[in-house]
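Note that the coordinates shown come from a computational prediction; the quantities given were computed from them, not determined experimentally.
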Amino acid sequence: SQRISNLSFLLMGTLQKVYSPIVYDKMFNDPSIKGSRDIGLLLTPYAYLTVFPAVAISIFSEEILMVLAPPEYISGANVVNILCIALSLGFFTKQPQLMYAAKTRLITGLSFLNFLFTIIFLYIFIHKYGVLGAAIAYLISSLLYNVLYLWQGQKHYKIQYEWGKVFLIYFSTFFISISILILNLLSVSYVYLLGIKLIFLICFLFLGYSLNIITRSNFDLIFKKSHD
C-alpha cells in the first residue's frame, strides 16, 4: 500500500523540479509584494498537478492493487486512500521559503517534531486499528507538520497564495478520498462504485479546467522544463 501511494510522492518530486527553479528565481530577483503574488499564481497549477496523482491513485486504489498485488492485499485500498491524502499535503513543505531564509535549524526542528508526532500517533492508533491506524497516524502527523511548516514558511517569506483555489483543490481531494474510503467500508456494489469513481475523476478534471489549470501553456511549461 505504501509503495503504491508513494507513486504520487515521486510524481510530486518530478513536478518540483519544474517549478522550484522558477520560485527560487523570483524569490531572489523580485523580493517584492508583486514577486510574492507572482509566485502564488505560479504555485496554484503546481498544487493541482501535485495533488492530481494522489487523487487518481486514491480513486483507483482497489483496481491498482488488483493488478499489482495478490488478492489478500486488496483490502489495503483504504490504507492507500489515507496515505494519498497525507502525501498530497507535501506540496506545502516543498516550498523553499525556509531555505531561502537560511533557517536550517528550524527545518531540522520541524523535522524532529514530525518524527515525534508520528511516533506518538502510531502508538495511539496502531494498537486500536492496526495497519489502518498506522495510516491514520501518518495522516494526522503529516497534517500537523505541514501546518507548522506553512506557518513558519509564511512568517519568513510570505507567498500570496490563491487561497480560494488552493482550498477548493484540497477540499476536493479530501472529499473524494474519504468518500471512496466510506464506500469501500459500506461494500457498495462494484458496478455502482466504478461509476462513482469515474464521476469523481471527471469532476476533479473539470475543477482543474474551471480554475484555468488544465491549459496548453501549463503542460508546455512542464514538458519543456522536465526535458531541460
Side-chain angles (χ1 to χ4, degrees), residues 1 4-16 18-19 40-68 74-94 132 135-136 138-140 142-143 146-147 150 161-223:
S1 297
I4 292 171
S5 56
N6 276 342
L7 288 173
S8 64
F9 187 76
L10 293 174
L11 290 168
M12 186 188 302
T14 302
L15 286 169
Q16 184 188 11
V18 175
Y19 286 92
L41 292 171
L42 173 73
L43 288 178
T44 301
Y46 176 40
Y48 177 87
L49 294 171
T50 293
V51 166
F52 182 80
V55 172
I57 292 171
S58 181
I59 290 173
F60 296 108
S61 56
E62 185 177 1
E63 288 76 10
I64 294 170
L65 286 171
M66 284 179 182
V67 173
L68 299 179
I74 294 176
S75 60
N78 294 333
V79 175
V80 173
N81 287 354
I82 296 172
L83 290 176
C84 281
I85 296 174
L87 291 172
S88 71
L89 294 169
F91 161 74
F92 294 104
T93 57
K94 294 289 184 181
L132 187 63
I136 294 170
Y138 181 69
L139 172 59
I140 296 172
S142 295
L143 182 60
N146 278 275
V147 168
L150 175 63
Y161 286 106
E162 295 183 289
W163 284 114
K165 292 182 180 182
V166 172
F167 172 79
L168 281 175
I169 291 167
Y170 274 94
F171 174 81
S172 300
T173 301
F174 274 68
F175 177 80
I176 289 171
S177 296
I178 292 172
S179 296
I180 295 295
L181 174 63
I182 293 171
L183 291 169
N184 284 338
L185 292 174
L186 292 175
S187 300
V188 174
S189 169
Y190 181 72
V191 175
Y192 292 116
L193 183 58
L194 183 59
I196 293 170
K197 288 180 177 183
L198 291 173
I199 290 170
F200 279 154
L201 180 62
I202 292 169
C203 287
F204 198 77
L205 288 169
F206 180 75
L207 175 65
Y209 177 78
S210 64
L211 295 179
N212 203 32
I213 292 170
I214 300 179
T215 63
R216 178 68 180 272
S217 59
N218 281 329
F219 284 105
D220 284 346
L221 173 66
I222 291 169
F223 287 116

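Using cut-offs of 30° and 60° for the angle between ring planes, the Phe204 and Tyr48 rings count as parallel. Aromatic ring orientation, Phe167 versus Phe171: parallel (interplanar angle below 30°, classes split at 30° and 60°). By the 30° and 60° cut-offs, the orientation of the rings of Tyr161 relative to Phe92 is perpendicular.
Across every non-hydrogen atom of Pro45 and Ile213, the tightest pair is CA-CG2, 3.7 Å. The two residues Ile82 and Ala135 make their nearest non-hydrogen contact at CG2-O, 3.3 Å. In terms of heavy-atom proximity, Leu201 sits nearest to Phe60 at CD2-CE1, 3.8 Å.
Ile85 contributes atom CD1, which lies 10.0 Å from atom CD1 of Ile136 (distance to the nearest 0.5 angstrom). Rounded to the nearest 0.5 angstrom, Cys203 SG and Phe206 CZ are separated by 8.5 Å. For the atom pair Phe175 CZ and Ile180 CD1, the distance stands at 9.5 Å (nearest 0.5 Å). Atom OG1 of Thr44 is separated from atom CD1 of Ile169 by 6.5 Å, given to the nearest 0.5 angstrom. Taking CG of Leu185 as the start and CG of Leu132 as the end, the distance is 7.5 Å to the nearest 0.5 Å. Note that CG of Leu89 is 10.5 Å distant from CG of Leu150, once rounded to the nearest 0.5 Å.
Counting heavy atoms from C-beta on, the side chains of Leu205 and Phe52 come closer than 4.5 Å. For the pair Leu87/Tyr138, a side-chain contact is recorded, criterion being any heavy-atom separation below 4.5 Å from C-beta on. Val80 has its side chain out of reach of Glu62: every pair of non-hydrogen atoms, C-beta onward, lies at least 4.5 Å apart.
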Audit row: Phe91, Leu43, side-chain contact (heavy atoms from CB on, under 4.5 Å) steps and yes/no
CA-CA 9 Å; Phe91 161 74; Leu43 288 178; 4.1 Å; yes
Residues Lys94, Tyr46; criterion side-chain contact (heavy atoms from CB on, under 4.5 Å); working and verdict:
CA-CA 11 Å; Lys94 294 289 184 181; Tyr46 176 40; 3.7 Å; yes
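Under the side-chain hydrogen bond (donor to acceptor under 3.5 Å, both in side chains) criterion, the residue pairs touching residues 166-183 are Ser58-Ser177, with sequence neighbours excluded. For the salt bridge (charged side-chain N to carboxylate O under 4.0 Å, His left out) condition, no pair includes a residue of residues 172-196, sequence neighbours left out.
Considering only residues two or more places apart in sequence or on other chains, Tyr190 meets the side-chain hydrogen bond (donor to acceptor under 3.5 Å, both in side chains) condition with Glu63.
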